[in-house]
Each structure stands twice: as C-alpha cells, then as structure tokens.
Colleague: 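This structure is in structure tokens; I'll ask about it shortly.
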Amino acid sequence: GAPGSASLPSYGVLVLGTALVGVAQPFFQCAPPLLSATWFSATERSLATATALNANQLGIAAAFVVGGASVAGRPDALKAYMG
C-alpha cells in the first residue's frame, strides 16, 4: 500500500469529512458578497467581493504549497506526517 497507509482514516470517515466540507463551503462562498453589501458602497462591492473570494482561494493554494514543502525531499516525512 501507500506509505503511511496503516494510519489513514477509513473510507466512511473520509466521506463524512467530504460531506462536512460540502455543507460548510456555501458559507465561505456566500459570505463575501453579503459582507461587501453591508460594509461597502455600490461602487466598491465588486472589488471587495472579488478580493475576498480570491483570498480564500489563495489560502487554499498556500495550504497545498506548505503541505508539499513540508514533506519534499524526505521519503520518511509522509509516514511521519500521517502519524
């Protein structure tokens, strides 16, 4: 199997985690337009909304970069990272 596969969660736990992310995602995607409509004037809303939505995506990208960098070049790192 895959390195560190003995400590991977079961399929049911993965499905549950995916479902929880699916339930939470609309709050992250719908909050920026609501907040920009509340806090910004009509001429500033599109920029505020775009900035907030892109910041969310940049945070996700940063998580992938940091995660990959933390195990790069270390064959045993994935097993240690997974527990």
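In what follows, every heavy atom counts, from backbone to side chain, and hydrogens, waters and symmetry copies are set aside.
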Colleague: Sequence neighbours excluded, which residues qualify as side-chain contact (heavy atoms from CB on, under 4.5 Å) partners of V13?
Modeller: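 Once residues adjacent in sequence are excluded, the partners of V13 under the side-chain contact (heavy atoms from CB on, under 4.5 Å) criterion are P9, S10.
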Colleague: With sequence neighbours excluded, tell me which residues meet side-chain contact (heavy atoms from CB on, under 4.5 Å) with S41.
Modeller: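 S41 satisfies side-chain contact (heavy atoms from CB on, under 4.5 Å) with T43, E44 once adjacent residues are dropped.
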Colleague: Working to the nearest 0.5 Å, report the span between CG of L34 and OG1 of T49.
Modeller: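 With rounding to 0.5 Å, CG (L34) is 9.5 Å from OG1 (T49).
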Colleague: From R45 CZ over to L35 CG, what is the distance, rounded to the nearest 0.5 angstrom?
Modeller: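 That separation rounds to 12.0 Å.
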Colleague: Rest of the hydrophobic cluster containing V65 (Ile/Leu/Val/Met/Phe/Trp/Tyr, side-chain heavy atoms under 4.5 Å)?
Modeller: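 Members alongside V65: none; it stands by itself.
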Colleague: With sequence neighbours excluded, tell me which residues meet side-chain contact (heavy atoms from CB on, under 4.5 Å) with N56.
Modeller: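 Counting only residues at least two positions away or on another chain, N56 forms a side-chain contact (heavy atoms from CB on, under 4.5 Å) with Q25, F28, Q29, I60.
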Colleague: Return the minimal non-hydrogen interatomic distance between P33 and S36, and the atom names on each side.
Modeller: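 Looking at all heavy atoms of both residues, the shortest contact is O-OG, 3.1 Å.
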Colleague: Output the rest of the hydrophobic cluster of V15: all Ile, Leu, Val, Met, Phe, Trp and Tyr residues reachable through side-chain heavy-atom contacts under 4.5 Å, sorted by chain and number.
Modeller: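 In the cluster with V15 are Y11.
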Colleague: Hydrophobic cluster mates of V21, side-chain heavy atoms under 4.5 angstrom, ILVMFWY only, any path?
Modeller: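 Members besides V21: none; it forms no cluster.
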